[in-house]
Amino acid sequence: MMNRSNSIVNLFYQFKGNNSFLKTPSSYFQFGLGFGPHYSFSASLIHSNSSSNAHNDIHPQSIYQKINNLDDALNLFDQMTQRQPLPSIIKFNQLLQSVTKMKHYSHSLQIFKQMCLLRVPVSVYTISIVIKCCCQLHRTKDGFAALGFCFRQAIVPNVFIFSTLLDGLIIEDRILEAEIFFKKLIKKKLCEPDVVMYNTMIKGLCKISNNVIAISLLKLMDERGCKPNVVAYNTVIDSLCKDRLIDDAFNLFKEMVFDKGIKPNVITYNSLIDGLCKLGRWDETPKMLQEMLDDGISPDVLTFNILIDAHCKEGKVKEAEDVINIMLKRGILPDLVTYSSLIDGYCLRGEMSKAKSVFDSMAIRGTFPNIVTYNSLLNGYCKNLKIEEAMNLFHEVTIKGLKPDVVTYNTMIQGLFRVGRCGDARKLFDEMLAKGLKPNEYTYRIILEGLCNNHKIEEALSLFHLMGDGKLNSDIVVYNILIDNAGKFGKLDIARVLFQDLTSKGLHPDDQTFNVMISGLCREGLVRDAKQLFLQMAESGCSPNNVTYRLLLQGYLRNQYYDDVEMLLHDMDGRGFSLDASTVSLFLDKIAAGSLDTTLLELIGNLVPKELMDGPSFFA
DNA sequence: ATAGGGTTAG
């Protein structure tokens with residue numbers, strides 16, 4: 001027993017990251033959770049049988065779990081605290097749970113604190129709810145502190161508590177620590193993981209796209225006598241789909257169904273259908289839907305949203321409307337996501353009046369626009385340069401009692417920059433800060449790109465330097481924007497410095513970084529350097545894409561580096577890339593001018609995609 | 001009979 005307790009203390013030290021907690025009484029209070037020495041072990045003994053008295057109950061058993069608004073919950077809590085003796089801990093836990101289910105995590109912690117002050121004898125259930133709240137508030141640290149509290153209360157943490165903490169680490173993207181924690185729990189025999197705990201760890205691994213390890217954990221749990229269930233498989237299948245590894249996802253799906261005899265559910269199918277849609281494998285989607293129906297599984301609102309969203313993202317709003325009609329026939333109502341997708345679809349096509357009428361019809365059909373819906377329509381107006389409409393709608397947000405969020409401001413700021421209203425963009429940025437909204441990486445990218453597009457590259461650069469070495473300045477996309485624009489404004493030296501700078505910060509250039517650098521170099525006729533960079537690209541693990549080839553080919557052709565052209569074309573052919581229309585016509589010009597050998601024509605012909613061949617006859 | 005995990009979106 002002692003051994004076990006010591007291990008818990010060690011765990012608590014390790015993840016809380018503050019080794020003074022157990023030694024310094026004052027630090028008990030730093031979390032505001034009431035884990036204090038004043039709450040003694042004897043207090044829980046005094047009250048432990050306090051309220052089995054049914055005469056004290058003015059409320060029926062169920063009320064504590066059925067509360068559905070915060071004020072009622074707080075009132076009920078007040079009433080409970082007035083009673084003598086106090087209601088049982090079970091009722092307190094039920095109340096705490098209903099507040100937590102409403103996602104009022106801070107209020108749950110407040111209630112818990114008061115319970116401690118009233119010396120309600122909290123139980124392992126109470127602690128697990130409290131830890132859940134800490135974790136949901138991204139305060140996993142405090143969750144681990146509660147582990148110390150458990151220890152002093154002689155409450156033995158169980159698999160529920162450890163799973164919650166594991167999930168907390170994963171919520172905070174501390175996957176490596178989660179893995180260490182998980183392994184330690186097993187090694188020190190603090191608890192035997194059950195299916196939920198394994199699934200939580202699998203989710204963590206999937207979150208960092210570590211699908212291979214996730215699959216091996218799936219096998220491991222089976223070997224250790226814990227059968228993976230449909231949730232375990234769904235987690236990995238979804239992750240594979242998101243990483244575009246749809247064939248691996250289908251293999252796992254088959255393993256699940258045929259080898260393990262686990263029945264897929266609607267979530268399994270939703271993941272697979274979404275994966276197919278995102279890869280543009282349209283022909284397989286209806287098959288999957290049919291298979292789902294044959295399996296006796298009904299599509300839900302998510303299934304339809306996936307299909308609707310996929311169509312809308314391709315601009316196929318007509319098809320999306322058809323899906324909505326099918327959905328309605330099946331008695332499933334569109335939700336906020338459905339409408340947002342549809343609005344996005346019309347916005348993408350520039351059909352703003354249609355987008356607006358979808359928006360207006362929502363409320364009539366009983367679904368009221370939220371901030372995301374507003375953001376969709378705002379984005380549409382901004383992208384279509386209808387800034388006045390956007391401004392009017394932006395003001396409507398507050399009037400309707402909604403709060404503009406970071407995305408709202410980002411959208412508006414981008415829109416204002418697009419029409420050249422840099423000053424107004426600045427004003428909105430200040431307004432955003434004044435409202436206490438924290439700019440994110442997108443905000444910063446939008447401002448830098450906006451400044452550059454309005455020929456204010458100097459301002460962009462000084463803003464960039466002003467930001468120092470923080471998180472926002474360690475964003476590869478920011479570097480890509482600045483390098484690209486430095487190149488466009490004839491400041492290739494600055495582009496080069498930035499390129500050096502990012503590597504010295506430990507950042508890795510991505511394919512776009514190489515592309516903008518190559519583009520800058522070719523623009524200045526420095527084709528040799530561009531070629532050097534192209535070779536460096538492969539070394540650093542980035543693979544060239546269509547844009548890379550286009551830039552380099554055009555650079556070679558414009559600067560009469562004909563020797564390298566043929567090699568590059570063969571390279572493209574081998575990797576299955578194709579030429580775009582503008583590069584093809586540049587080739588034809590060069591051949592017509594006699595600069596290039598006609599023997600290249602056959603190779604070029606192989607690289608021209610079918611769509612281009614059907615058009616005006618290049619090769620007639 | 002009160003606690004922990006999985007799917008969609010800007």
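Just so we're on the same page: letters track the sequence lines, and every chain starts at 1.
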Practice item. Check whether any side-chain nitrogen or oxygen of A:Gln97 sits under 4.0 Å from OP1 or OP2 of B:dT2, and answer yes or no. Key: no

Exercise for review: May I ask you to decide whether A:Asp322 forms a salt bridge with A:Lys316, counting only side-chain N to carboxylate O separations under 4.0 Å?
Suggested key: no

Exercise for review: Could you check whether A:Asp405 gets within reach of a base, just the sugar-phosphate, or nothing at all, counting any heavy atom under 4.0 Å?
Suggested key: base

Review point. With ring centroids as reference points, do A:Phe182 and A:Tyr198 lie under 6.0 angstrom apart?
Key: yes

Practice item. Would you mind telling me which of B:dA1, B:dG10, B:dG6 lies closest to the side-chain atoms of A:Gln94? Key: B:dA1

Review point. Can you tell me how far C1' of B:dG6 sits from CD1 of A:Ile171, to the nearest Å?
Key: 13 Å

Check your understanding: Could you give the CG-to-C1' distance, from A:Leu252 to B:dT7, as a whole number of Å?
Key -> 16 Å

Practice item. Please identify each residue that fulfils salt bridge (Lys or Arg N to Asp or Glu O under 4.0 Å) with A:Lys227, with sequence neighbours left out. Key: A:Asp222

Review point. A:Ile246 has an atom CD1; how far is it from atom P of B:dT7, in whole Å?
Key: 16 Å

Check your understanding: Which part of the nucleic acid, if any, lies within contact of A:Lys383, taking any heavy atom under 4.0 Å across all strands shown: a base, the sugar-phosphate backbone alone, or nothing?
Key -> nothing

Check your understanding: For A:Asp194, which contact category applies under a 4.0 Å heavy-atom criterion: base, sugar-phosphate, or nothing?
Key -> base

Check your understanding: Just checking A:Asn305: base, sugar-phosphate only, or nothing, at a heavy-atom cut-off of under 4.0 Å?
Key -> base

Exercise for review: Establish, yes or no, whether the cationic atom of A:Arg445 lies under 6.0 Å from the six-membered ring centre of A:Tyr442 and within 45° of the ring axis.
Suggested key: yes

Exercise for review: Report which part of the nucleic acid A:Asn229 touches: base, sugar-phosphate, or nothing (heavy-atom distance under 4.0 Å, all strands).
Suggested key: base

Point to revise | Separation of atom CD1 in A:Ile129 from atom P in B:dG4, rounded to whole Å | key: 7 Å

Review point. For A:Ile170 and B:dG6, what is the distance between atoms CD1 and P respectively, to the nearest whole Å?
Key: 9 Å

Check your understanding: Contact class for A:Val301 (heavy atom, under 4.0 Å): base, sugar-phosphate, or nothing?
Key -> nothing

Check your understanding: In whole Å, what is the span from the CD1 atom of A:Ile343 to the C1' atom of B:dA9?
Key -> 12 Å

Review point. With respect to the side chain of A:Asn158, which nucleotide from B:dG6, B:dA3, B:dG10 is positioned closest?
Key: B:dA3

Revision key, fill the gap. Among B:dT2, B:dG6, B:dA3, the one nearest any side-chain atom of A:Asn93 is B:dT2

Review point. Think A:Lys132 has a side-chain N or O under 4.0 angstrom from the OP1 or OP2 of B:dT2?
Key: no

Exercise for review: Report the nucleotide, chosen from B:dG6, B:dG4, B:dG10, that has the shortest atom-to-atom distance to any side-chain atom of A:Thr164.
Suggested key: B:dG4

**Study point:** Interatomic distance, A:Tyr105 OH vs B:dA3 C1' [rounded to whole Å]
**Key:** 14 Å

Review point. The side chain of A:Tyr125 lies closest to which of these nucleotides: B:dT2, B:dG10, B:dG6?
Key: B:dT2

Practice item. May I ask you to say what A:Asn234 touches in the nucleic acid, namely base, sugar-phosphate or nothing, with a heavy-atom cut-off under 4.0 Å? Key: base

Practice item. Can you figure out which of B:dT7, B:dG10, B:dG4 approaches the side chain of A:Asp344 most closely? Key: B:dG10

Point to revise | Nearest-Å distance for atom pair CG/P, residues A:Leu342 and B:dA9 | key: 16 Å

Check your understanding: Is it true that atom NE2 of A:His104 has more than 12 heavy atoms of other residues, nucleotides or ligands lying nearer than 6.0 Å?
Key -> yes

Check your understanding: CZ/A:Arg139 to SG/A:Cys133 distance, rounded to the nearest 0.5 angstrom?
Key -> 9.5 Å

Review point. Counting any heavy atom closer than 4.0 Å, what does A:Met197 reach on the DNA or RNA strands: base, sugar-phosphate only, or nothing?
Key: base

Point to revise | Nucleotide nearest A:Ser376 when distance is taken to its side chain, options B:dG4, B:dG10, B:dA3 | key: B:dG10

Practice item. Just call it for A:Ser340: base, sugar-phosphate, or nothing, with non-hydrogen atoms closer than 4.0 Å on any strand. Key: nothing

Review point. Which part of the nucleic acid, if any, lies within reach of A:Lys207 when heavy atoms closer than 4.0 Å are counted: base, sugar-phosphate only, or nothing?
Key: nothing

Check your understanding: Among B:dA9, B:dA3, B:dG10, which nucleotide sits nearest the side chain of A:Val337?
Key -> B:dA9

Check your understanding: A:Ile90 has a side chain; which of B:dA3, B:dG4, B:dT2 sits nearest to it?
Key -> B:dT2

Exercise for review: May I ask you to evaluate whether A:Lys101 reaches the phosphate of B:dT2, defined as a side-chain N or O under 4.0 Å from OP1 or OP2?
Suggested key: no

Exercise for review: State whether the number of non-hydrogen atoms from other residues, nucleotides or ligands found under 6.0 Å of A:Lys219 atom NZ is greater than 12.
Suggested key: yes

Exercise for review: Verify the stacking flag for A:Phe160 against B:dA3: centroid separation must be under 5.5 angstrom and the ring planes must differ by under 30 degrees.
Suggested key: yes

